[in-house]
Participant: 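One structure, as structure tokens, below. Some questions next.
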Amino acid sequence: QLQLVESGGGLVQPGGSMRLSCTVSGFTLDYYAVGWFRQAPGMEREGVSCITSSGGRTKYADSVKGRFTISRDNAKNTVSLQMDSLKPEDTAAYYCAAVHRPFQAICLMATDYYDSWGQGTQVTVSS
């Protein structure tokens, strides 16, 4: 069974940077599309970014475009989310998710597209 573990969350000041990692075990990541989602208290879970299995295509929510960068290292079974110029409204629990899509040219940021989820890591942006 695919297992995903997020790491790298914590407290950061507005304008700061943070890097989240999603490490996968149980299978090699090569054929999986991966997405990052976040959920603030009282809010629905929303898509932040996603990357195709090949890494050739990425997608970002408008709210993070130009500030967040998703990348993957299949040799390390890891997908990372580099977050720069963080804002208080980025505060949320961040989750990574994966789905087996070996040849798909696009990825989606819909929660029902993914069938494996991590437990989440908290990101708090505050001074």
Side-chain angles (χ1 to χ4, degrees):
Q1 183 177 354
L2 195 68
Q3 293 184 329
L4 297 86
V5 178
E6 303 92 340
S7 60
L11 175 65
V12 63
Q13 291 187 341
S17 296
M18 183 174 285
R19 188 177 183 87
L20 303 182
S21 294
C22 174
T23 302
V24 175
S25 61
F27 291 85
T28 58
L29 194 57
D30 300 43
Y31 303 117
Y32 287 81
V34 176
W36 281 97
F37 293 78
R38 66 187 182 186
Q39 188 168 18
M43 304 292 286
E44 290 189 356
R45 191 169 295 188
E46 63 172 355
V48 173
S49 182
C50 65
I51 188 167
T52 55
S53 57
S54 69
R57 291 290 294 272
T58 59
K59 187 179 292 184
Y60 298 93
D62 288 343
S63 59
V64 306
K65 204 170 291 183
R67 300 188 297 121
F68 289 12
T69 304
I70 191 170
S71 61
R72 65 190 297 152
D73 185 342
N74 286 349
K76 295 182 178 179
N77 260 15
T78 298
V79 173
S80 298
L81 185 69
Q82 177 67 38
M83 305 186 294
D84 299 318
S85 302
L86 283 161
K87 305 175 181 180
E89 51 263 44
D90 294 318
T91 295
Y94 282 71
Y95 300 86
C96 65
V99 63
H100 189 256
R101 291 289 187 271
F103 304 114
Q104 196 152 355
I106 62 171
C107 60
L108 301 178
M109 294 193 296
T111 54
D112 58 2
Y113 180 70
Y114 298 89
D115 54 16
S116 296
W117 290 82
Q119 294 299 307
T121 185
Q122 179 66 34
V123 172
T124 301
V125 185
S126 175
S127 55

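By convention here, the first residue in the shown sequence is residue 1.
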Participant: So does G120 get a backbone contact from the side chain of E6, meaning a donor-acceptor N/O pair under 3.5 Å?
Facilitator: yes

Participant: So which heavy atom on R101 is nearest to which on Q104, and how close?
Facilitator: CD-OE1, 2.8 Å

Participant: What pairs with F37 under ring-ring contact (aromatic ring centres under 6.0 Å, His included), at least two apart in sequence or on another chain?
Facilitator: Y114, W117

Participant: Apply ring-ring contact (aromatic ring centres under 6.0 Å, His included) to Y32 and list each qualifying residue two or more places apart in sequence or on a separate chain.
Facilitator: H100

Participant: Test V12 against every option in V125, T124, T91 by the side-chain contact (heavy atoms from CB on, under 4.5 Å) rule and name the one that passes.
Facilitator: V125

Participant: Could you tell me which non-hydrogen atom of P102 sits nearest to which non-hydrogen atom of S53, and how far apart they are?
Facilitator: O-OG, 3.0 Å

Participant: Give a yes or no answer on whether the side chain of Q122 reaches the backbone of G10 with a donor-acceptor pair at less than 3.5 Å.
Facilitator: no

Participant: Determine yes or no for a side-chain-to-main-chain donor-acceptor pair under 3.5 angstrom, with K59 supplying the side chain and C107 the backbone.
Facilitator: yes

Participant: Closest approach of S126 and P14, non-hydrogen atoms and distance?
Facilitator: C-CD, 3.6 Å

Participant: How close do I70 and W36 get, counting heavy atoms only, and between which atoms?
Facilitator: CD1-CD1, 3.6 Å

Participant: Indicate yes or no for a side-chain donor-acceptor contact from N77 to the backbone of T23 under 3.5 Å, with no hydrogens or angles considered.
Facilitator: no

Participant: Is the closest side-chain heavy-atom distance between S63 and R38 below 4.5 Å?
Facilitator: yes

Participant: Are R45 and Y95 in a cation-pi contact, defined as NZ or CZ under 6.0 Å from the six-membered ring centre and within 45° of the axis?
Facilitator: yes

Participant: Taking C-beta and beyond as the side chain, do L29 and V79 meet within less than 4.5 Å on heavy atoms?
Facilitator: yes

Participant: Once salt bridge (Lys or Arg N to Asp or Glu O under 4.0 Å) is applied, what residue pairs with a partner in residues 65-81 remain, sequence neighbours excluded?
Facilitator: D62-K65, R67-D90

Participant: Minimum heavy-atom separation for V123 and G9, please, with both atom names.
Facilitator: CG2-CA, 4.2 Å

Participant: Would a 4.5 Å heavy-atom cut-off, applied to side chains only, mark M18 and L86 as touching?
Facilitator: yes

Participant: Checking S85 side chain against G15 main chain: does a donor-acceptor pair fall under 3.5 Å?
Facilitator: no

Participant: Using a 4.5 Å cut-off on heavy atoms from C-beta on, say whether the side chain of T69 contacts that of L81.
Facilitator: no

Participant: side-chain contact (heavy atoms from CB on, under 4.5 Å) between Y94 and V48: does it pass, once the steps are laid out?
Facilitator: CA-CA 9 Å; Y94 282 71; V48 173; 4.3 Å; yes

